[in-house]
There are 2 protein chains.
Amino acid sequence: MPVRALWWKDGALHLLDQRALPGRAVVLHLRSAEAVARAIRTLTVRGAPAIGVAAAYGMVLAARAGRPGRERAAKVLRATRPTAHDLFVGIETVRSAWERGDDPLEAADLYRAAIVDECHRIGEAGAPLFARAKQVLTHCNAGALATVEWGTALAPIRVARQRGADLFVWVDETRPLLQGSRLTAWELAREKIPHAVIADNAAGYYLATGAVDAVIVGADRIARNGDFANKVGTYEKAVVAKENGVPFYVAAPWSTFDARRANGRSIPVEQRDEDEVLTLAGRRLAPRASHGRNPAFDVTPSRYVTAFVTPDGVVRPARLASAIPRAR
Amino acid sequence: MPVRALWWKDGALHLLDQRALPGRAVVLHLRSAEAVARAIRTLTVRGAPAIGVAAAYGMVLAARAGRPGRERAAKVLRATRPTAHDLFVGIETVRSAWERGDDPLEAADLYRAAIVDECHRIGEAGAPLFARAKQVLTHCNAGALATVEWGTALAPIRVARQRGADLFVWVDETRPLLQGSRLTAWELAREKIPHAVIADNAAGYYLATGAVDAVIVGADRIARNGDFANKVGTYEKAVVAKENGVPFYVAAPWSTFDARRANGRSIPVEQRDEDEVLTLAGRRLAPRASHGRNPAFDVTPSRYVTAFVTPDGVVRPARLASAIPRAR
């Protein structure tokens, strides 16, 4: 049974509590827009495409409950996290259907299905890149948990593997919240895809010693010129990959592309609580007198990107602007 | 009272248990070469200059106990960790004194005093670099805990601060063993030097957004051409610093320089237990089915180094070979 991050059932949004993984697989049933907003803010559900779908169902819950009102619900859900473009696309898809008098649930279901389909097509488009790249590095979790099903960065790996590719995945643990060691490793272990978890610091060691043939990551927001925001640390990996001549791929559905943004300079970067860095599982790591800083994302200029893996094919940065569908 | 990593007293090597910091300041009394070897292997004492001094006293303990014999003790201590050059210098200093019939304790005391003096001179030599660099990034712990007193990377920061410089230190937490958030932050907090702990992944974000004026790190082994080994992750920071035009300094006493090694290609990199990455404080982070890889160091080519801060001044990589004292 493939992993799914979330699904609609019996009038509620069901989702896997990603804070509890890999230790426990807990399914939560959310029944209000506010509960969905809280789940997004606390990273109970995370990953740009997945929070877009979750927020779409948050709008459905508001429409069904009759509260909060349409614009209020959209506002509450938009305020959860500033960086992922998909969040705003998911909310707007259902908000505008609701405004037109269309069925919000049908709009959300169609949006979810489109994301799943696009992720599968990302897998098909990207798989040939890994026919010869045996050792692949990924950062954070851009798997099924981040996208409902298939994943973005992990989709080409899954499809290449189904086609018989002999792949090994280097998994950055991805401090502070360990989406790599907790979530990506969990997805890979379930499917018996060979992998090793490494400290984020060790990625450079493996890139420099010839142990990485390609890097692939997801994204939270991609500007028209190809500059993109993704989990903090992505920028370092991209710079070091380029320095070592290792191809660097970014996989994303169209909902992640922010076609109205010319470049990455003004992408908002969420700053999260210092305790995510200073503590782990309630245990204080740093001295009590020390403070921390915790940007959740960084912005990588497009010159470090070899190509984008989109639902409609592999696109070089120079051709990206013309490849983004008009409708976005 | 300044921090000291270790000292000799009442016939025993006293050292701060660095595994217990910052939570508890526990002083251990070691009374055999084997106990010192164990302390080095388990990172109870760590930092290249400090393990060199600890191993020197390990030889003293063997000489006083009459066991293990001189060559056996040297062998046991050398086998603890392969990367730090200082370890071998510290052992050889006392081994050769013992062989000559000189007093081993006097040789160890002189070695310790020389390291402390060199670290202080590193501070004096490097402080002018930070007269205008307000925001400094450091990786791992290259403070008093790593060097007996003063530190290597932290020595110029301490001296600049005594001279009135208004400094702020970005502290990489330094996974997997958190020498940054546990030890560097502890040293800085004790002296009320403003600082913030960040995930290693966030260093690139701050380097790219103009929030870092200079990077300074210690080293475990420096080849004649300036290639150097240091805590894993150093290489990524050096590449990203250069990419952003931020000066990158490496501070070390002469015991860290391996003058017989032409370049960094053959520096041995210690591979440590995967559990250091997969668990934290006994808590499993990754799925049980996942494995990890854990190189403790990486090697940074000298082209990324702006200058070395040595006891005898600031030296550009191109001039390094001729600056290393003949005796080493």
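All values below come from the heavy atoms of this structure, side chains included, with hydrogens, waters and symmetry mates left out. Chain identifiers are assigned alphabetically (A, B, ...) following the order of the sequence lines, protein sequences preceding nucleic acid strands; residue numbering begins at 1 within each chain.
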- Query: Between B/Ala296, B/Ser290, B/Ala199, which has the largest tally of heavy atom pairs under 4.5 Å with chain A?
  - Reply: B/Ser290
- A/Leu278 versus chain B, the contacting section by heavy-atom distance below 4.5 Å: side chain
- Task: For A/Ala196, check side chain to side chain contact (heavy atoms under 4.5 Å, CB included) against everything at least two apart and list the hits.
- Result: A/Phe168, A/Trp170, B/Arg293
- Those residues of residues 208-234 of chain A that come under 4.5 Å of chain B on a heavy-atom basis, listed by number, are A/Ala208, A/Val232, A/Gly233
- Note on the structure: From the list B/Pro194, B/Pro301, B/Gly23, B/Gly204, the residue making the most non-hydrogen contacts under 4.5 Å with chain A is B/Gly204
- Message: Taking side chain as everything from C-beta outward and backbone as N, CA, C, O, which of these in A/Val269 sits under 4.5 Å from a heavy atom of chain B? Side chain, backbone, both or neither.
- Response: side chain
- Message: List the residues meeting side chain to side chain contact (heavy atoms under 4.5 Å, CB included) with B/Thr147, not counting sequence neighbours, and say none if there are none.
- Response: B/Pro49, B/Cys119, B/Thr152
- Closest approach of A/Asp298 to B/Asn201 (non-hydrogen atoms, all atoms of both residues): OD2-O, 4.2 Å
- Task: Check whether A/Ala203 gets within reach of chain B through its side chain, its backbone, both or neither, counting any heavy atom under 4.5 Å.
- Result: both
- Top contributor to chain B interface from A/Ala189, A/Ala185, A/Pro176, A/Gly180 [non-hydrogen pairs under 4.5 Å]: A/Ala185
- Of the listed A/His195, A/Arg288, A/Arg284, the one with the largest count of heavy-atom pairs under 4.5 Å with chain B is A/His195
- Note on the structure: What one should report as the nearest heavy-atom pair of B/Pro287 and A/Ser181 is CD-O, 3.1 Å
- Pick one of side chain, backbone, both or neither for A/Arg283, based on which atoms fall under 4.5 Å of a heavy atom in chain B. side chain
- Message: Is A/Phe297 in contact with chain B via its backbone, its side chain, both, or neither, using a 4.5 Å heavy-atom distance?
- Response: backbone
- Return the minimal non-hydrogen interatomic distance between A/Tyr206 and B/Asn294, and the atom names on each side. OH-N, 4.4 Å
- Query: For B/Trp186, which residues count as a ring pair (Phe, Tyr, Trp, His ring centres under 6.0 Å) partner, sequence neighbours excluded?
  - Reply: none
- Below 4.5 Å, heavy atoms only, C-beta onward: do B/Asp200 and A/Arg175 meet side chain to side chain? no
- Pairwise side-chain contact, B/Tyr235 with A/Leu207, heavy-atom cut-off 4.5 Å (strictly under): no
- Task: Against chain A, work out which of B/Ala289, B/Ala202, B/Pro295 has the most heavy-atom pairs shorter than 4.5 Å and name it.
- Result: B/Pro295
- Turns out that what part of A/Glu243 lies under 4.5 Å from chain B's heavy atoms comes down to side chain
- When every non-hydrogen atom of A/Leu285 is compared with those of B/Arg182, the smallest separation belongs to O-CG, 3.6 Å
- Item | A/Val197 to B/Ala286 - nearest heavy-atom pair and separation | CG2-CB, 4.4 Å
- Closest heavy-atom pair, B/Val277 versus A/Glu173, reported as atoms and distance to 0.1 Å, is O-OE1, 3.8 Å
